[in-house]
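Presented below is the structure to which this report refers.
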Amino acid sequence: MNFNNVTIKDVAKAANVSTATVSNVISKTKYVSPELTKRVKKVINQINYKPSKIARSLKVNKTFYLGLIVPDITNPFFAEVVRGAESVALRENYQIFLCNTDGNVHREEKALKSFYEHHVDGIITVAPRMKEADLEKYFNSIPFVIADRPLNIKNYEANLVYADNIKSSYQLAKHLIKKGHQSFACIAGPREVLNVQKRIFGFSKGLKDSGFSEEKNVILYGEFNYENGFKLMNKILELKPHPTAVFALSDITAWGALEAAKSKGLKIPEDIAIAGFDNVYFSKLLNPSLTTIHQPKYELGRVAVNILIKKLNNMKEGLMKKSEIILESKLILRNST
C-alpha cells in the first residue's frame with residue numbers, strides 16, 4: 001500500500017469498521033467502544049494514515065487554530081504563559097498562532113482584526129492595553145478570553161482569568177515594615193494598566209494599615225523593562241534621604257533596580273531592600289536572589305485555553321457568558337529584602 005495516498009476508507013477496510021467509526025475515533029465527537037478504538041488506532045499507526053486537517057475543518061466547521069496575543073515574548077513571564085497555553089492546545093489538537101505586540105495598542109487591534117479575518121476558532125489576549133470599550137466589541141463576535149487583566153466594565157459578557165494582584169502586594173508591604181523599613185518607593189509600569197493600579201493599591205493599603213502616610217511611598221511610572229528599572233532606581237537614589245525599600249512591579253524592572261543600586265556601591269538588602277513581582281525563573285539566580293510575588297504563569301495560560309475550549313465545545317448553546325477566575329499569587333521571600 002502506498003503510504004502517501006492512504007485514505008480513511010483504507011483504514012476502515014483494514015480495521016473492518018465503517019468510515020464513520022474511524023472518523024469518530026479521530027475526532028472524539030461520538031462514543032466508540034474501547035475495543036474498536038484500540039483496533040482503529042492500531043491500523044492508523046500501521047499504515048501511517050494522516051487525517052486531512054482541511055477535510056476535518058470543513059466537516060466540523062472549525063479551523064483548529066487559536067490566536068494568542070502577548071505584549072512581549074522576550075519577557076519570561078509571558079513566555080511561560082504561552083507554554084501553559086500551548087500545553088492545553090496541543091492536547092486538544094489545536095495549533096496556536098502567536099502574535100507579539102510590544103505593548104502597542106495599535107498592534108493589538110491589528111492582531112485582533114487579523115485573527116478574526118483569518119477565522120481562528122478563538123482568541124486569547126494577554127494583558128491587553130486596549131481600551132475596554134474596544135475590547136468589548138469582540139466579546140460576542142468570537143470566543144474570546146482576556147488573561148492577566150481584570151476589567152472595570154460593569155455587566156460585561158467576557159471571560160477573564162488573572163492572578164490576585166492586591167493581597168500579595170499588601171503582604172509585601174507588611175514584610176518590609178516588619179524588617180524595620182520606614183520609607184518606601186514603587187517602580188511601576190504604565191499608569192493606565194489596571195494591574196499596576198491593583199499592585200500599588202495593595203502595597204499602599206499595607207503601608208496605610210500600619211500607620212504610614214502616602215508621603216512615605218514614592219511612586220514612579222514607566223515601562224515594564226530592565227532599562228526603566230535601572231533609570232528610575234537612579235532617580236530614587238538621588239532623593240535625600242532615599243527610600244530604603246523598593247517595590248518594583250515586575251521582576252524584569254527589579255533586575256534593573258538591583259543593578260542600579262549595586263552600581264552605586266550599595267549593599268542589598270543592608271543599604272536598600274528590593275522586591276519584584278512575577279517570580280520568573282531567573283529571579284532566584286540573581287545575586288542576591290530576588291524577593292518577589294509569584295504569579296501562576298503557566299497555569300494562567302492553561303486556564304485561559306481551557307476556558308476557550310469550553311466555549312468552543314458549547315457553541316451550539318451559544319457563547320459561554322461572563323466568567324471570572326482569579327488565581328492565587330503568593331509572596332516569595334529571598335535575600336534581596
Side-chain angles (χ1 to χ4, degrees), residues 70-72 75-78 80-81 84 103 124-132 135 145-154 156 158-177 184-210 214 217 219-225 228-229 232 245-255 257 274-280 283 290-304 307 323-334 337:
V70 297
D72 182 5
N75 186 323
F77 173 85
F78 295 114
E80 194 69 6
V81 173
I124 299 169
T125 180
V126 184
R129 301 278 184 92
M130 289 171 61
K131 292 181 180 178
E132 294 181 350
L135 287 170
V145 176
I146 299 174
D148 194 36
R149 174 179 168 176
L151 293 178
N152 281 324
I153 298 175
K154 294 182 179 179
Y156 59 82
N159 301 105
L160 312 177
V161 54
Y162 57 90
D164 186 336
N165 284 267
I166 296 176
K167 182 179 178 181
S168 47
S169 298
Y170 182 95
Q171 292 171 342
L172 174 61
K174 290 291 190 177
H175 163 70
L176 295 173
I177 293 166
F184 311 87
C186 289
I187 300 179
R191 187 187 298 267
E192 69 275 9
V193 173
L194 196 53
N195 278 340
V196 169
Q197 298 171 26
K198 298 286 187 182
R199 292 170 196 178
I200 290 176
F201 174 82
F203 189 77
S204 299
K205 190 174 189 305
L207 298 180
K208 182 179 179 181
D209 288 353
S210 297
E214 292 183 3
N217 186 27
I219 303 173
L220 300 177
Y221 294 91
E223 289 295 327
F224 282 135
N225 56 44
N228 181 66
L232 294 186
V246 175
F247 176 26
L249 272 62
S250 79
D251 276 9
I252 289 185
T253 308
W255 298 353
I274 301 172
F277 197 111
D278 287 336
N279 192 32
V280 300
S283 291
L290 183 67
T291 288
T292 185
I293 293 167
H294 175 76
Q295 286 207 83
K297 304 167 283 297
Y298 190 86
E299 185 68 8
L300 190 70
R302 286 185 69 257
V303 172
I307 294 172
S323 68
E324 185 173 20
I325 297 176
I326 304 176
L327 304 177
E328 285 291 323
S329 58
K330 62 181 180 180
L331 179 61
I332 306 293
L333 299 178
R334 296 197 182 108
T337 59

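Thr292 places a side-chain N or O within donor-acceptor distance of the main-chain N or O of Phe277, the cut-off being under 3.5 Å. Asp278 places no side-chain N or O within donor-acceptor distance of the main-chain N or O of Val280, the cut-off being under 3.5 Å. No side-chain donor-acceptor contact under 3.5 Å links Asp251 to the backbone of Ser283. In this structure, the side chain of Asn195 engages the main chain of Asp148 through a donor-acceptor pair within 3.5 Å.
Inter-residue side-chain proximity for Pro71 and Arg129 is flagged as unmet; no heavy-atom pair is nearer than 4.5 Å. Side-chain contact between Phe224 and Val196 is present, with at least one heavy-atom pair separated by less than 4.5 Å. Side chains of Leu232 and Thr253 form no contact here, defined as non-hydrogen atoms less than 4.5 Å apart. Between Leu331 and Thr291 there is a side-chain heavy-atom pair separated by less than 4.5 Å. Residues Phe201 and Ile166 have side chains in contact (heavy-atom distance under 4.5 Å, counting atoms from C-beta outward). Counting heavy atoms from C-beta outward, Ile252 and Pro76 have side chains that approach closer than 4.5 Å. In this structure the side chain of Leu194 never reaches within 4.5 angstrom of the side chain of Tyr162, judged on heavy atoms.
For Ser204, there are no side chain to side chain donor-acceptor pair (under 3.5 Å) partners at least two apart in sequence or on another chain. Listed by chain and residue number, Asp209 satisfy the side chain to side chain donor-acceptor pair (under 3.5 Å) test with Lys205 (two or more places apart in sequence, or in another chain). With sequence neighbours left out, the side chain to side chain donor-acceptor pair (under 3.5 Å) criterion links Asp164 to no other residue. In terms of the salt bridge (Lys or Arg N to Asp or Glu O under 4.0 Å) criterion, Glu328 has no residue partners (sequence neighbours excluded). By the side chain to side chain donor-acceptor pair (under 3.5 Å) test, Asn279 pairs with His294, Arg334, sequence neighbours left out.
Between Gly206 and Ser210 the shortest heavy-atom distance is O-OG, 3.2 Å. Of all heavy-atom pairs between Ala163 and Ile326, the closest is C-CG2, 4.3 Å. Closest approach of Pro150 to Lys198, counting heavy atoms only: CG-CE, 4.2 Å. Across Ala254 and Leu290, no two heavy atoms sit closer than the pair CB-CD2, 3.8 Å. The minimum heavy-atom distance between Leu249 and Cys186, with the atom names listed, is CD1-CB, 4.2 Å.
Cation-pi geometry between Arg199 and Phe247 is not satisfied (NZ or CZ under 6.0 Å from the ring centre, within 45° of the ring normal).
Between Ile274 atom CD1 and Leu176 atom CG the span is 11.0 Å, to the nearest 0.5 Å. A distance of 8.5 Å separates CD1 of Ile307 from CD1 of Ile124, quoted to the nearest 0.5 Å. Rounded to the nearest 0.5 angstrom, Asn225 CG and Asp72 CG are separated by 8.5 Å. One distance of note links CD of Glu223 with CG of Asn228; it measures 7.0 Å at 0.5 Å rounding. In this structure, CD1 on Ile187 lies 9.5 Å from OG on Ser250, to the nearest 0.5 angstrom. Distance check, rounded to the nearest 0.5 Å: CD of Glu132 to CG of Leu135 gives 7.5 Å.
A donor-acceptor contact closer than 3.5 angstrom is absent between the side chains of Lys167 and Ser329.
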Practice item. Could you walk me through whether Leu160 and Leu151 pass the side-chain contact (heavy atoms from CB on, under 4.5 Å) test, one step at a time? Key: CA-CA 8 Å; Leu160 312 177; Leu151 293 178; 3.8 Å; yes

Check your understanding: Checking side-chain contact (heavy atoms from CB on, under 4.5 Å) for the pair Tyr221/Val193: CA distance, chi angles, key distance, verdict?
Key -> CA-CA 11 Å; Tyr221 294 91; Val193 173; over 6 Å; no

Check your understanding: Can Gln295 and Glu80 be said to form a side-chain contact (heavy atoms from CB on, under 4.5 Å), step by step?
Key -> CA-CA 11 Å; Gln295 286 207 83; Glu80 194 69 6; over 6 Å; no

Exercise for review: Might you work through the side-chain contact (heavy atoms from CB on, under 4.5 Å) test for Ile177 and Phe184, ending with a clear yes or no?
Suggested key: CA-CA 10 Å; Ile177 293 166; Phe184 311 87; 3.9 Å; yes

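Applying the salt bridge (charged side-chain N to carboxylate O under 4.0 Å, His left out) test to every pair with at least one member in residues 186-197, sequence neighbours left out, gives no pairs at all.
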